[in-house]
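What follows is a short report on a single structure.
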Amino acid sequence: MGKKYDFKSIEAKWQKYWEENKLFKVDENPQKPKYYCLEMFPYPSGNLHMGHVRNYAIGDVIARFKHMKGFNVLHPMGWDAFGLPAENAAIKHGIHPAKWTNDNIEKMRTQLKSMGISYDWDREIATCKPDYYKFTQWMFLKLYENNLAYKEKATVNWCPSCQTVLANEQVINGACERCETTVEKKQLEQWFFKITNYAQRLLDDLEKLPGWPEKVKIMQKNWIGRSEGCEFSMHVDGADETINVFTTRPDTVFGVTYMVLAPEHPLVEKICRGKPQEAQVKDFVNKVKYISEIDRTSAEIEKEGVFTGAHAINPMNGEKVPIWIADYVLMEYGTGAIMAVPAHDQRDFDFAKKYNLPIKIVIQGENTPLDADNLTEAYTGDGKMVNSGEFNGLTVEEGKKAIIKYMEKNRIGKGAVNYRLRDWLISRQRYWGAPIPIIYCEDCKTVPVPEEDLPVLLPEDVEFKPSGESPLKYIEKFYKTSCPICGKEARRETDTMDTFVCSSWYFDRYCSPHNDDMPFTKETTDYWMPVDQYIGGIEHAILHLMYARFFTKFLYDIDMLSCEEPFTNLLTQGMVLKDGAKMSKSKGNVVSPEEIIKTYGADTARLFILFASPPERDLEWSEQGVEGAYRFLNRVWRLVTEYAEKIKAAKVPPGFEELNQATKELHFKTHFAIKKVTSDIEERFNFNTAISAIMELFNALNSYKDQSEQDLGVVKEAINNLLLLLSPFCPHICEELWQITGNNKSIYLQPWPRYNPEALVQDEIEIAVQISGKVKERIKVPANSSDEQIRQISLQNVKIQDLTKGKKIVKIIVVPQKLVNIVVK
RNA sequence: GCGGCAGUGGCGGAAUUGGCAGACGCGCUAGAUUCAGGAUCUAGUGGGAGCAAUCUCGUGGAGGUUCAAGUCCUCUCUGCCGCACCA
């Protein structure tokens, strides 16, 4: 009897071995193909959760597999270390955010290391360290230099609980992404990155990402929200004003029966001034101001509006139409003003019906009424233009082009594209972030901090207000400075940057994490970038992944990077659930990875999490499933240790011609498993089926054990391959067993096994015989049988003859190597 | 409302190109071992009928295409995710 499977000492032993021998340390090596495997770095909350375990287990299988396949694998880890929780801890418990964050990093690093992931820890980064955020500030300066960072007074999303503004992307259903507090609108002067300049490229280049899930690409596409149409101006009747409108349906411009301005539109006040409607309009504008964003944008709520008393002229036909203001027109989109065509737009239709505004049909579908009174809903389908003067008879598509052409020729308007994507608001009124490197001087105005003065250091000695207000605003020695241009006393920007700025370029930093002069060197990014495989949660589909793409494109444009897309392949892992719900403290269904690793070991935890579900799908946590994984490793341990001494001396035979049936079978199963596991990892990331193939090989070995006559060479081959195939999933136990069976070099340094096609050639194969599509018999035929021979053998089969007796055989279909279908009548 | 994904035993899931549905694991049942429990080992395990050989039904539902459908087509139900007055 051998030793029992003592995962604790085995895991500690090999983690130490890997670390001491720097097995996972990499450098650029032009002789070898590179592979950059990256998992989204965590926020150091202080506790590893199952989502992390899943994420990093997936990444580690890929990294270890690719390494054994001969790639030079970069597999780094770091910390997305700026952010609000650190500051909240400071307010609540009086711990400095830096200390809180560093303690958490220490704790989580230990937890991560106990998982045995193949990280090159020498490349570890933390975004809150001055040597990192120095370059986040550098990024800001470069964007500023290239007119892609600007400060503007705008209506912004304000979270009263977090005491800071939020980017559009961080507002979910009108509430703060972090704390779910209802977001307020505020007028503030804030810094933005001009991501909208890249809208078209961000959209177009999605095409260049075949390795991304369709779902993520669709989400980004919708978020960018490109729409094509035209912008034109309408004169205000009797005033020297024009109103620009954007429409995607210029073909319906003859059907305009009114127009609508957003209540916040700057012209509203002007055009109703002195009119009898003025008071009513003001009331309405005020009322809208106090409706929350959620209610305002809810589709359920009936549209409301008021007439301004003013009229506009339709430039195409000279018609005078009333100008309304209504809550369904948003100032943020397009020009904040629309032409209303109730006959062909459902929202306009609803509004027109409510306020008895005229409806005029200008597109005639095949079976649609011509009389607007018969219209029960807006007609938005295809058709021919009517009531549209010289444009009558054109289709919708032809009409759009013709009208735009006419407008351009007559200087009424022009073709235009609108995006839903807004510029990225990056200012945060918080302390624990990278300070925006800007100085305000009375004479020189806005002055960027010179590169050589970076980093603008966060002062450490600060006091946190219970209100959550940023202490930076009150620290004189921070904000009081001198102008870099004229030397006069000046004031520093006290806002910090959104943490998404830090995470938009960290994957570049991993390539040369210790460089002091540059965020990264081109030599290293030219070798490593782009990331070959990126793995993380779907919740970053828009935010992080779009910002990172934007940064990469910008860095490409300023010649810092040679790639335009940062992540070639993206794997979005599903959530880890318990009792059908996401694990959360409030639900009390959290399973702690630390506990699981303590009880069963990292190999078991990894095996279970990879086996339970394919990576993209949600995974239901099961204690019994974990035990099943643990049992499997124990069985592997027992079997291999039992054989260990016996197979040490055995030689894997070069040829396998002379084997008996059972041995041949084991040899076949070994090579079948190599083939299956390789393709499951490489082509499909289906780790669950790869593991089941390994289990099948184990089961074959286990039943072979009872053979009276054993070929130890074939057993050795099977065991060696079993360990090699299992090693990316459960590296510790495989290292130990690899050593016990007489190998003295780490299994990680072994080449990935290759299957021998000859071993997969079988003498006999089983063929299913169907009668009229139902399986009635299985027959064994020589593997090299022709279709005709298979056909004959099945027809001669006693059972088949019996079942077809007295029936007419209509047709026989032979599927090579698989089945025969005899169709009878 | 629009877009996407999914629905297969008691459970997690497999079936990669239209070709034997349920691999692998969990659970369960019986047996062996054990003072007992646990662990381990052996056998069985989709439903229904039958002593049995076997028959029959079966991939959310209803149709269809095909020699053959979990897989393709049409309609439909349910769940999840994203967007949501975007002009």
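Letters A, B, ... are given to chains in the order of the sequence lines, protein chains preceding strands, and every chain is numbered from 1.
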Syn or anti for B:G37 (syn when the glycosidic angle lies within 90° of 0):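 What B:G37 shows is an anti base, its glycosidic angle lying more than 90° from 0.
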Ring centres under 6.0 Å, that's the criterion: do A:F632 and A:F611 meet it?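 Between A:F632 and A:F611, the centre distance exceeds or equals 6.0 Å.
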A:W424/A:F500 aromatic ring centres below 6.0 Å: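 No - the distance between ring centres of A:W424 and A:F500 does not fall below the 6.0 Å cut-off.
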Distance between [atom1] atoms of [N] and [M] (Å, rounded):
N: B:G79; M: B:G25; atom1: C1'; answer: 25 Å
N: B:U17; M: B:A43; atom1: P; answer: 34 Å
N: B:U8; M: B:G13; atom1: P; answer: 9 Å
N: B:U54; M: B:U45; atom1: P; answer: 14 Å

If you go through the side-chain atoms of A:K776, does one of them form a donor-acceptor pair with the base of B:U54 closer than 3.5 Å?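 No pair found.
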Checking only heavy atoms, does the side chain of A:K215 share a donor-acceptor pair with the base of B:C5 at less than 3.5 Å?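 Side chain to base: no pair present.
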Below 4.0 angstrom, which residues in residues 218-231 of chain A have at least one non-hydrogen atom near RNA chain B?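 Contacting residues: A:I218, A:M219, A:S227.
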Let's see if you can work this out: which of [options] has an atom nearest to the side-chain heavy atoms of [X]?
X: A:R617; options: B:A14, B:C24, B:A87; value: B:A14
X: A:E696; options: B:A23, B:A87, B:C85; value: B:A23
X: A:K811; options: B:C67, B:A87, B:G12; value: B:C67
X: A:I813; options: B:G13, B:G19, B:C85; value: B:G19
X: A:R638; options: B:C85, B:C41, B:U16; value: B:C41
X: A:L819; options: B:C83, B:A14, B:G19; value: B:G19

Please report the distance, rounded to the nearest Å, between NZ in A:K818 and C1' in B:A21.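 Taking NZ of A:K818 and C1' of B:A21, I get 14 Å after rounding.
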Quick check: on RNA chain B, is the nucleotide nearest A:V823 upstream (toward 5') of the one nearest A:R635, or the reverse? Name the residue that is more 5'.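 So the residue in question is A:R635.
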Salt bridge check: are [X] and [Y] linked by an N-O gap of less than 4.0 Å?
X: A:E319; Y: A:K360; result: yes
X: A:E304; Y: A:K287; result: yes
X: A:R249; Y: A:D251; result: yes
X: A:E302; Y: A:K354; result: yes

Which part of the nucleic acid does [X] contact within heavy-atom distance under 4.0 Å: base, sugar-phosphate only, or nothing?
X: A:T247; answer: sugar-phosphate
X: A:N699; answer: sugar-phosphate
X: A:D618; answer: sugar-phosphate
X: A:N688; answer: sugar-phosphate

Side chains of A:T604 and A:Y5: donor-acceptor distance under 3.5 Å anywhere?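 Absent: no donor and acceptor within the cut-off.
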